[in-house]
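Reckoned from all heavy atoms, side chains included, excluding hydrogens, waters and symmetry mates.
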Amino acid sequence: MASSAKDIQLRELKDTVSQLKTMMSEQTEMIRSLRLIVEEKTAREKSLQEEVDYLKKKLFGASSEKRTLDIPGQLNLFDEAEQEQDLSRLDEEEETVVKEHVRKKKSTHADTFKGIKVNKIVIPLSDEEKTCPECGTQMELIGTEYVRREIIFIPAKCEINEYYTENYGCPECKQGTNDTGKPVIVKSRVPKALVGKGPASSSAVAWTMYQKYANSIPLYRQEKDWAQYGAMITRTTLANWIIYCSKKYFQPVYDYFHRELLKRSFAMADETRVQVLKEPDRRPQTQSFMWVFRSGEDGLPTILLFGYSPTRNGDNAAEFLDGFQGYLETDGYQGYNKVPGIKRCSCWAHIRRYFIDAVPKGKQFDYSQPAVQGVQYCDQLFRIEDRISKQYPGDHEKRKQLRLEKEKPVLEAFWSWLDEQAPVRNTRMAKAVTYVQNRRKTAETYLEDGRCSFTNSLSENSIRPFAVGRKNWLFSDSVQGAKASAMVYTMVEMARAHDLNIYDYLKYILDQRPDQSWTDEQLADLAPWSEKLQHLKNRM
C-alpha cells in the first residue's frame, strides 16, 4: 500500500531531525575540541609570556634578590604565624634586647689611610718672613699647625738582581802541599732559582698571580704593563711562571689543605663553567667546570679549595671528597648524590630564588599569588635564622634548639601549603614546586645540627671572584693552565678568607719553596691561620 503524502513528509522530517542531531553532536564535539585547543594555546602563550618576562628581568632587571614585601597600611600574610613565633623573643626564658640603631661613624683621614707611612712636611718661613713686621726683631719658633694631608702615589719599578759568588782559595794548598795535592777553593752559596735559570723571582711571580687572580687582569694586559716598567716579558713567559710555580710550590700546600678539609664534618660545594681551549679530544667551545669545596660553619679555620674537571659529572665531586664523612651543603644539583657517606643539606636561598623567578610581572605585592606566598614562607625562615645567628653566634647547641622550636613550625606550614599547590604545567611556578618537592628531605637536614648551614651562600661568595675574573681573561688555554688557576685561586681566596695581604701571602709561600718532602707539621706553618703569618694581616 502506497504511503500517503503525510507519511512521507513525516519520515523526511524525522530524517532531518536525525541529521540535525548528528550535526549538533559533531559541532558540539568540534566546539569542545576547539575550546581545548584555545585553552592549550592560551596556556602556552601565558607560559611563553612568563618566560619572556623572566628573561627580560634577568637581562635588564636588578640582580639583587632583596625586596620589600611589606606594604605600609597592609597586614602581612603571616600575621598569625608572627604572633605564634613571637620573633621579638627567640628564647622564652631569656629576654632579647634589640640594640637601637646607631648611624655608623663617619671615617676620618686617619682611618682611611691607616697603615700608610706618614711623612711630616713642615713648610718653613723665609729669612725675611722670620723678622717681625712691627719692630724688626728676629722671631722664634713657637709651634706647628696641621693644615691638610694628601696621598702620594709612588709607581712600581723593576730592578735586576745579579748574583755572584765569592770564591776563596787557600794560599798554602795552592802550592800542592796538602794531602790531595790539589788547590782548595770554596764558593759562597747562591739561593736556588725559583724557575729554572730564568729571571723569575718570588716578588715578580707573586705580583703576576696577584694581578690576574685577585685583580682579574689578564696576562696580555700585564705584558703591556711590564713593558711600561722596561721589562719585555711576554704573556707566554708569565703563563709558564704561573704553571710551574703552582705545580712545584703550591701543590704541596694545596694537598695539605685538601687533607685537612677531609677531616672536617661540615663542608660546602659549588661549581661554575670555565672554557679550556686545548683539551684532548674536545672542541674549544666545550664547557668545562671549576669547583669550589670549602669548610662549613663549624667554628674552625676556613678551608677553601678550587678544583678543575672537564665535566660536571658528580663523580668529580665524589673523587675530590673521597674520605669525607659528614654534612654537605650544596645547591640542588643531583650530581652530589654520588658523594658517599654524606648527609646532603639543600640551600634555602635557591628554594627562595625559584619562587622569586615564578612571581608574575608586576605581582610582587599580590599576596594572592602562590609564588609570592612561597617567597613569604622563605622570608619568614630567613628572618628567624638571621635573628638566631645574631643572638647566639657560635653557640651551636642553642642554634639547633631554637631552629627546632621556631623554624620547624614554619616548615610544617610550608610543606602543607606546598602540597595544596596545583600549578599549570610548564610554568615557572610548576618548576618551583617540583624543585622544592624533590628536595623536601634534604631541605630539613639543617635542623639536625646547629653547625649545618641554612644556605649555600658562602660557597657562592667563594666562587664569585672566579666568575668575575672569567669575564676578563675569558678562558684557559690548556688543562695545565686550568689546574694552575685552581691552585692559585685557592691560595688567593684562602688569604682573603683569613684577612691576609694576598700578595704578601703568595710571595711568602714562594720564598719558602715548599716541596713534597715537607711534613704536615711544616706545611701547617704555611696555612693562613698559622701564628707565624699573622704579620701578613691586612693593615685595614
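With sequence neighbours excluded, the residues satisfying side chain to side chain contact (heavy atoms under 4.5 Å, CB included) with Ala267 are Phe324, Leu328. Residues that satisfy the side-chain hydrogen bond (donor to acceptor under 3.5 Å, both in side chains) test with Arg273, not counting sequence neighbours, are absent from this structure. Remark: Tyr249 engages no residue in a ring pair (Phe, Tyr, Trp, His ring centres under 6.0 Å) (not counting sequence neighbours). Evaluation of the ring pair (Phe, Tyr, Trp, His ring centres under 6.0 Å) rule for Tyr210 yields Trp207 as partners, not counting sequence neighbours. With sequence neighbours excluded, no residue satisfies ring pair (Phe, Tyr, Trp, His ring centres under 6.0 Å) with Tyr229. Glu129 is linked by a side-chain hydrogen bond (donor to acceptor under 3.5 Å, both in side chains) to Ser126, counting only residues two or more places apart in sequence or in another chain. Applying the side-chain hydrogen bond (donor to acceptor under 3.5 Å, both in side chains) rule to Ser216 yields no partners; only residues at least two apart in sequence or on another chain are considered. In this view, His498 and Trp529 satisfy the ring pair (Phe, Tyr, Trp, His ring centres under 6.0 Å) rule, not counting sequence neighbours. When the side-chain hydrogen bond (donor to acceptor under 3.5 Å, both in side chains) test is applied to Lys130, no partner is found at least two apart in sequence or on another chain.
Between the side chain of Asp386 and the main chain of Phe382, no donor-acceptor pair closer than 3.5 Å is present. Ser201 contributes a side-chain N or O that, together with a main-chain N or O of Ala204, makes up a donor-acceptor pair within less than 3.5 Å. Looking at Glu385, its side chain never comes within 3.5 Å of a backbone N or O of Phe454 through a donor-acceptor pair. Remark: side-chain polar atoms of Arg399 are paired, donor with acceptor, to backbone N or O of Gly450 under 3.5 angstrom. Glu460 places no side-chain N or O within 3.5 Å of a backbone atom of Asn456 that could act as its donor or acceptor partner. At distances below 3.5 Å, not a single donor-acceptor pair connects side-chain atoms of Ser265 with backbone N or O atoms of Gly326. Thr137 contributes no side-chain N or O that, together with a main-chain N or O of Cys132, makes up a donor-acceptor pair within less than 3.5 Å. Looking only at distances, a side-chain donor or acceptor of Ser295 sits under 3.5 Å from a matching main-chain atom of Ile303. Trp348 places a side-chain N or O within 3.5 Å of a backbone atom of Ala443 that can act as its donor or acceptor partner.
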Please tabulate, one pair per line, all N/O donor-acceptor pairs under 3.5 Å involving side-chain atoms of residues 237-245, not counting sequence neighbours.
unit_1, atom_1, unit_2, atom_2, d
Thr237, OG1, Thr234, OG1, 3.1
Asn240, ND2, Thr236, O, 3.3

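For Ile160, the CD1 atom sits in a loose shell: 12 or fewer heavy atoms of surrounding residues, nucleotides or ligands are nearer than 6.0 Å. Residue Glu397 places its CD atom among 12 or fewer non-hydrogen atoms of other residues, nucleotides or ligands, all under 6.0 Å distant. Applying the 6.0 Å contact sphere to OH of Tyr354 captures no more than 12 heavy atoms from other residues, nucleotides or ligands. In Glu297, the CD atom is crowded: over 12 heavy atoms of neighbouring residues, nucleotides or ligands sit closer than 6.0 Å.
Here the straight-line distance linking atom OG of Ser202 with atom CG of Leu194 works out to 5.0 Å at 0.5 Å rounding. Residue Ser203 holds its OG atom at 11.0 Å from CG of Asp504, rounded to the nearest 0.5 Å. Atoms CD and NE2, from Gln251 and His258 in turn, are 11.0 Å apart once rounded to the nearest 0.5 Å. Here CD of Glu493 is found 11.5 Å from OG1 of Thr302. Values are rounded to the nearest 0.5 Å. Taking OG1 of Thr208 as the start and CD of Gln222 as the end, the distance is 5.0 Å to the nearest 0.5 Å. One finds the CZ atom of Arg470 at 12.5 Å from the OG atom of Ser485 (value rounded to the nearest 0.5 Å).
Comment: Lys507 engages Asp511 in a salt bridge, judged by a side-chain N to carboxylate O separation of less than 4.0 angstrom. Residues Arg352 and Asp379 are paired through a salt bridge, judged by an N-O separation under 4.0 Å between the basic side chain and the carboxylate. Look at Arg403 and Glu405 and you find no salt bridge, because none of the NZ, NE, NH1 or NH2 atoms lies under 4.0 Å from a carboxylate O.
Contact annotation: the side chain of Val274 approaches that of Phe466 to within less than 4.5 Å [non-hydrogen atoms, C-beta and beyond]. With contacts defined as side-chain heavy-atom distances shorter than 4.5 Å, the pair Phe266/Arg294 does not qualify.
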Original post:
Would Tyr164 and Glu162 satisfy side-chain hydrogen bond (donor to acceptor under 3.5 Å, both in side chains), going step by step from the backbone distance to the final call?
Top reply: CA-CA 7 Å; Tyr164 296 84; Glu162 293 184 343; 3.1 Å; yes
**OP:** Start with the C-alpha distance between Val372 and Val375, add both sets of side-chain angles, then the distance that settles side-chain contact (heavy atoms from CB on, under 4.5 Å), and finish with yes or no.
**Re:** CA-CA 5 Å; Val372 177; Val375 174; 5.6 Å; no
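Within the structure, salt bridge (charged side-chain N to carboxylate O under 4.0 Å, His left out) pairs that include any residue of residues 204-227 comprise Glu223-Arg235 (at least two apart or interchain). Listed by first and then second residue, the salt bridge (charged side-chain N to carboxylate O under 4.0 Å, His left out) pairs involving residues 256-270 are Arg259-Asp520, Glu260-Lys263, Arg264-Asp298 (not counting sequence neighbours).
Paired with Phe320 under the rule ring-ring contact (aromatic ring centres under 6.0 Å, His included), one option of Tyr336, Phe293, Phe289 passes, and it is Phe293. Between Tyr446 and the options Glu329, Lys400, Glu407, a side-chain hydrogen bond (donor to acceptor under 3.5 Å, both in side chains) holds for only Glu407.
A cation-pi arrangement is not found for Lys483 relative to Tyr308, the charged atom failing to lie both closer than 6.0 Å to the ring centre and inside a 45° cone about the ring normal.
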